[in-house]
Amino acid sequence: MLSAALFYFFSLLTLMGAILCVTRRNPVLSGAWLIVSLLGVAGLFLLVGAEFLFVAQIILYIGGITLLFLFVIMLVNLEGIVRVRQFRRSWPLVMAVGIGLVVEIVILLLRGRLPAEATTEASAAGNTEQLADVLFSSYFVPFELASVLLLAAILGSIWMGQRRPGRQAHSGAGERVE
Amino acid sequence: MAPFSYNATDHLALLPPILMALFACAIMLLDVLSPSAESSRRGTVFFSLLGMTFVAYSLALQIRAVTHAPGFAIPAFQGSLIIDALSLFTNGLVWFSTVILLLCAYRYLEIAHEHRSEFYALAFFAECGMYFMAGAVDLIALFVGLETSALAFYILVGFTRANRQSNEAALKYLLLGAMASGFVAYGFSVLYGISGSTQLSEVSKAVVRRGSADPFVILAVVTIAVGLLFKIAGVPFHTWAPDAYDGAPTPVTAHIAVASKVAGFAVLIRLLLGSLASARPIWAPILAVTAVASLTVGSIAALTQDRLKRFFAYSSIAHAGYILLGFLADSDDGRRGILIYVFIYALMNLGAFAFLISLRRPGSAADRHTPGDLIGDLRGLSKRHPLQAALFVVLLLSLSGLPPTAGFLAKYFIFIALINTGHITLAVIAAAYVAVSLYFYFRLVREMYLLEPRPAEQHTVEPLASSLGIRLALGTTAGLTLLIGLYPEPLLRLAFLVTGGVP
Amino acid sequence: MPHLLSLVLFLPLAGLLAVLAIPTTQWRAIRLTANFFSLLTFLASLLIPAFFHIGVPGFQMVERASWIPTIGAQYLIGIDGISLLLVLLSTLISALAMWCSWNNASERGKLYYAMLLMLETGVLGVFLSLDLFLFYLFWDVVLIPMYFIIGIYGGPRRSYAAIKFFVYTLLGSVFMLLGFLALYFQYAKQFGVYTFDLTKLIQVTLDPAIEKWIFFALFLGFAVKVPMFPFHTWLPDAHVEAPTAGSVLLASLLLKMGTYGFIRFSLPLLPRASMEPWIVNLMVTLSLIAIIYGALVCLTQRDWKKLIAYSSVSHLGFCTLGIFALNQSGLSGSVIQQVNHGISTALLFLLVGFIYERRHSREISDFGGLAQVMPAFATVFAIAVFSSAGLPLLNGFIGDFTILSGAFAVNRIWAGVGVIGLILGAAYLLWLYQRTMMGPLKYEANRFLSDLSIRERLIVFPLVILAFAIGIYPRPLFEAVSSPVQEIVERLNSVRF
Amino acid sequence: MTTVSPLHYLIVSAVLLVIGTLGVLLRRNIVVILMSIELILNAVNINLVAFSHLHRQVNGQAFVLFVMAVAVAEAAVGLGILIALFRNRGTVLADEMDLLKW
């Protein structure tokens, strides 16, 4: 009963957070609601026994990504943005398609039958140990590849974010006036 | 949990990406260590070409091993990677495309004042990701491979960071590309859900067991198909392509148009014709609509473009349409048609882009139209540079599918596959679009040969920004295009060999 | 001479490579080399009749080599009476066309001669191929040089004309390819072997419905090229804008590729569809419309060259009429008329070209009374006009008469309409002659036009001789075509119930 | 309604997926679009964790780690490009990238 209540609570957190995140006018608020949504997801992780992911979600996402977002929002000075139109003109159509899509997927999910729940009890080892075990056996290759991915990302974001020597004139304040 | 082991086959399978990653890091180090900027630039180019030689050697080792292996396939890492004919075919093409990129990039980046070793490192990272797209038979490895290459490409597209168009192209590519990967990942998660495993062989069994009417299978296949069609820019998921192609530095455009697409098609082949083959009733209609729409939109939009790279973006969308038609023909002919088309597509597009790169001349980066961007810039080129123009005509003939060039054979095998499997209507549509494509490709020939140069340009007989690398790239691709058109037997043998090996 | 046909086929290609090897600035050397190679090709082709046995059924001098074994395409060429005539015509006309451009195209002469030589190989390949894949290859190869010849060296609307020609004919040819592929698969289904060999494909028995589909696929390819009535709109544009050599090659050789395709592929491979009454009626109706429509349009033309272009529509209508009479005299008349039309139209276009070089006008109203200042020109033009109009003693008469007698044997109305077309043809041609050559000299500007130069006389000379020779003694031609035509007719009759 | 089956998780995930997709397609502010992409990836993660639980194995959870890595990388690079663009253009509206039609 408690788990059900928690599930609904976290789901609500996730979905409300998500909806508010994509609808807020001010990106700072969007970021805040994103944190709420991600917290909800973290809660859901905890409910199904993914403790490690719960921690990772909070540290990585909420601690890392979201902060990055907020940092960038501050950096690029979004005062003007708040006052302009926030949605594309085609939004009613896309909304309709989106709602149709939700209904469609939910119907598919309801009609589908899930695979039988595995009967084997989880092994005695803790969640984190198990995860480490698979990562370094079955998923050794993608694990290594992920390091390349992250290296490329570091390289790329540094390259992009760097202020170019001798080209500051391009980012002059005059250009920002829309 | 199986204990971790690392044996000789694992080593063989992992050798190329290890080399790529090592060289990527080494290139960045070299940049820091080298005494002067100029020597660093040259050193980077040569060093990266050296790296490609090593990679080629490691791939050759794989080829040698595969020919002795049972079933022409060597599984590695407990079934998460495989060396087989498809992976080698794809890696070969990606390798070729990367070499062309390295050959052509130098001059272009010099002109843009952005010649930095990061570019080369990223090219290696992208290749590394594509290696896994070609050879992964595990959902996670496949996904991470897909993302690694995509991420490297986002950065490469935006590499000329002082150029707004390049920024916007990169951003748009990233936003839509990331959404597409989200869909692919969602599909993968459902596949994992129904099979309880991330290995494609298990997934395949689960999909067969559930049949093609199962809601979960439908959900997975549809999201994966949509995500992958985004990657290969099939209509209506193509909107990023013209902008990304146009905004990216031209060598990168060539690389997206060729390597990324080749790898994308390898994933499509591996998934749709391999593990999800039993779900054909689900994905076939999606692909059919996308194929015909791509042909139509690609051909019609190409007619109205005045910027060269946008033109080639739409042209490559139309080509993707032809390749997708090959998927609809459920036969060995179809598979062969896809591979032959992909091979020839790679060849002729690399050539065409090498030519476009050679058109580039120094101009202010803030200009909307740097010299060499517009179709009109080709005007009168046949008089100034007859040889380059002639080679470009060979490539254009091939792109429009006329004999005696390789492009004809590419279309020929798609026709064969369609007719042989009874898709007469699709064959007729495809045939009709050959004439349309001829029309739009020959707009370029018209500019080069039929129209006189503008009065202002007659005096400024500027040399093409052609380096040895660019000339080498253009000559090789155009020559091969003609050679394969006249004597395609070796390529066909290769295609037969590969289709024998697709799981 | 074991590889004579290959030699003839690839000599122009060797010339092309030689021309490409010469630097652009050496345009005199380029011109000489190109002419040398085309002359050499013509001389080599003159050897073919020496090794050819008239009256022997089937293809002769067949050369076969493995090319793309995985799909069953071979390098397979051979010759019979029909292709013999067309090959000889092609080498002759190509050599003359090459020579007639002696004085123009100096600026971009290299590309020009290269394209002419490529065109020659393409046309010869079409007439020699016995493998459908090879045939298709040459068929499309012909389009590329023609695009450049019209597009670069043509008149003011050249760019439009060139792409129109290219796209129309390519659209037709891709459908033709689909037809070939369908045949290929039908054969493989029955015999378990994939091949494009014409002599093998002929054995396939097709489902009537499929046969009709294939017929129409091939029809699209050939009819655009001929051009038959609704597909002819590219022709006036292309002809008018093309330079002289281009018009000559287009009219004399390229149009024949279409009619040749009907005779070589449609009839023998798809006999039931070709004999289907409604299809025959459709084909004949289109031919008759072409004959009458072409002639009527000619009567309204003010442009000299356009008139001759439309006259081709009318004349080719006779050729297709002869083909779909489906009997011995209709078919052999059609083949012979193709040769005759090649000769007479080449003459007409050459003469228009000569005048245009002098006067830079093609308006008929700009001329009049030219016979006074250019007697030699007027004489040759008279011969060309009479030949084209089908006057006895000249070559045109032989072909027209044979075709009409073939048509008459099947249906009198067809022959009747044909005769009307013939009369209209005589009318517009003689009227053209009257307006340009006869009467007093209309414009002073024309007074000092020089008569034909020696080179020009030498160019038209062989054609004039041939026009008379065929008109007076056509027997060799009939002998050459009788055996292959008989084979086709027998094949048609064998499936007639 | 007492037991929560994996199906419930899947439905939450599906709704989140669609919200994210709509965010990408509808919003003009690039920062918010990037956030929407994070939502899509989180939908995937919910799915994976639910299935992982269903199968009583951690493979799905391992997948989640990789998806997180990808999300981090995409966000970092996306924001990097955004800064570069902002330097050049001074806007973060997707459809104001007028040089290139959206």
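Below, chains carry the letters A, B, ... as their sequence lines are ordered, and counting in each starts from 1.
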Max heavy-atom pairs within cutoff under 4.5 Å with chain C, candidates B:A390, B:P404, B:A427, goes to B:P404
So, the part of B:L418 with a heavy atom under 4.5 Å from chain C: the answer is neither
So, the part of C:L20 with a heavy atom under 4.5 Å from chain B: the answer is neither
One option among C:A182, C:P69, C:A217 has the most heavy-atom pairs under 4.5 Å with chain B, and it is C:P69
Applying a strict 4.5 Å limit to non-hydrogen atoms, the region of C:L137 in contact with chain B is both
Please work out whether the ring planes of B:F442 and C:F148 are parallel, tilted or perpendicular, with thresholds of 30° and 60°.
-> tilted
Given C:T70, C:V167, C:L177, C:T169, the one with more heavy-atom pairs under 4.5 angstrom with chain B than any other is C:T70
Interface check, chain B: of C:I71, C:D140, C:L171, C:I68, most non-hydrogen pairs under 4.5 Å belong to C:I68
Scored by heavy-atom pairs under 4.5 Å with chain B, the best of C:F166, C:F175, C:Y136 is C:F166
When the 4.5 angstrom heavy-atom criterion is applied to C:F138 and chain B, the contacting part is neither
Residue from C:W213, C:Y168, C:Y147 scoring the most non-hydrogen pairs under 4.5 Å with chain B is C:Y147
Turns out that what part of C:L111 lies under 4.5 Å from chain B's heavy atoms comes down to side chain
Cut-off 4.5 Å, heavy atoms of chain B, and the answer for C:Y194 is side chain
Distance col, row B:L438:CG vs C:L170:CG, nearest 0.5 angstrom, shows 5.0 Å
Bottom line for B:V393: the part with an atom under 4.5 Å from chain C's heavy atoms is side chain
Checked B:L402, B:N420, B:L492 vs chain C; the most non-hydrogen pairs under 4.5 Å come from B:N420
Counting heavy-atom pairs under 4.5 angstrom with chain C, the leader among B:V445, B:I416, B:I424 is B:I416
Under a 4.5 Å heavy-atom criterion, the part of residues 407-415 of chain B in contact with chain C comprises B:F408, B:L409, B:Y412, B:F413, B:F415
Checklist entry - Would one find more than 12 heavy atoms of other residues, nucleotides or ligands at under 6.0 Å from atom CZ of B:R443? => result yes
Would a distance-only check, ignoring hydrogens and angles, find a side-chain to backbone donor-acceptor pair under 3.5 Å from C:W67 to B:E489? no
Applying a strict 4.5 Å limit to non-hydrogen atoms, the region of C:Y75 in contact with chain B is neither
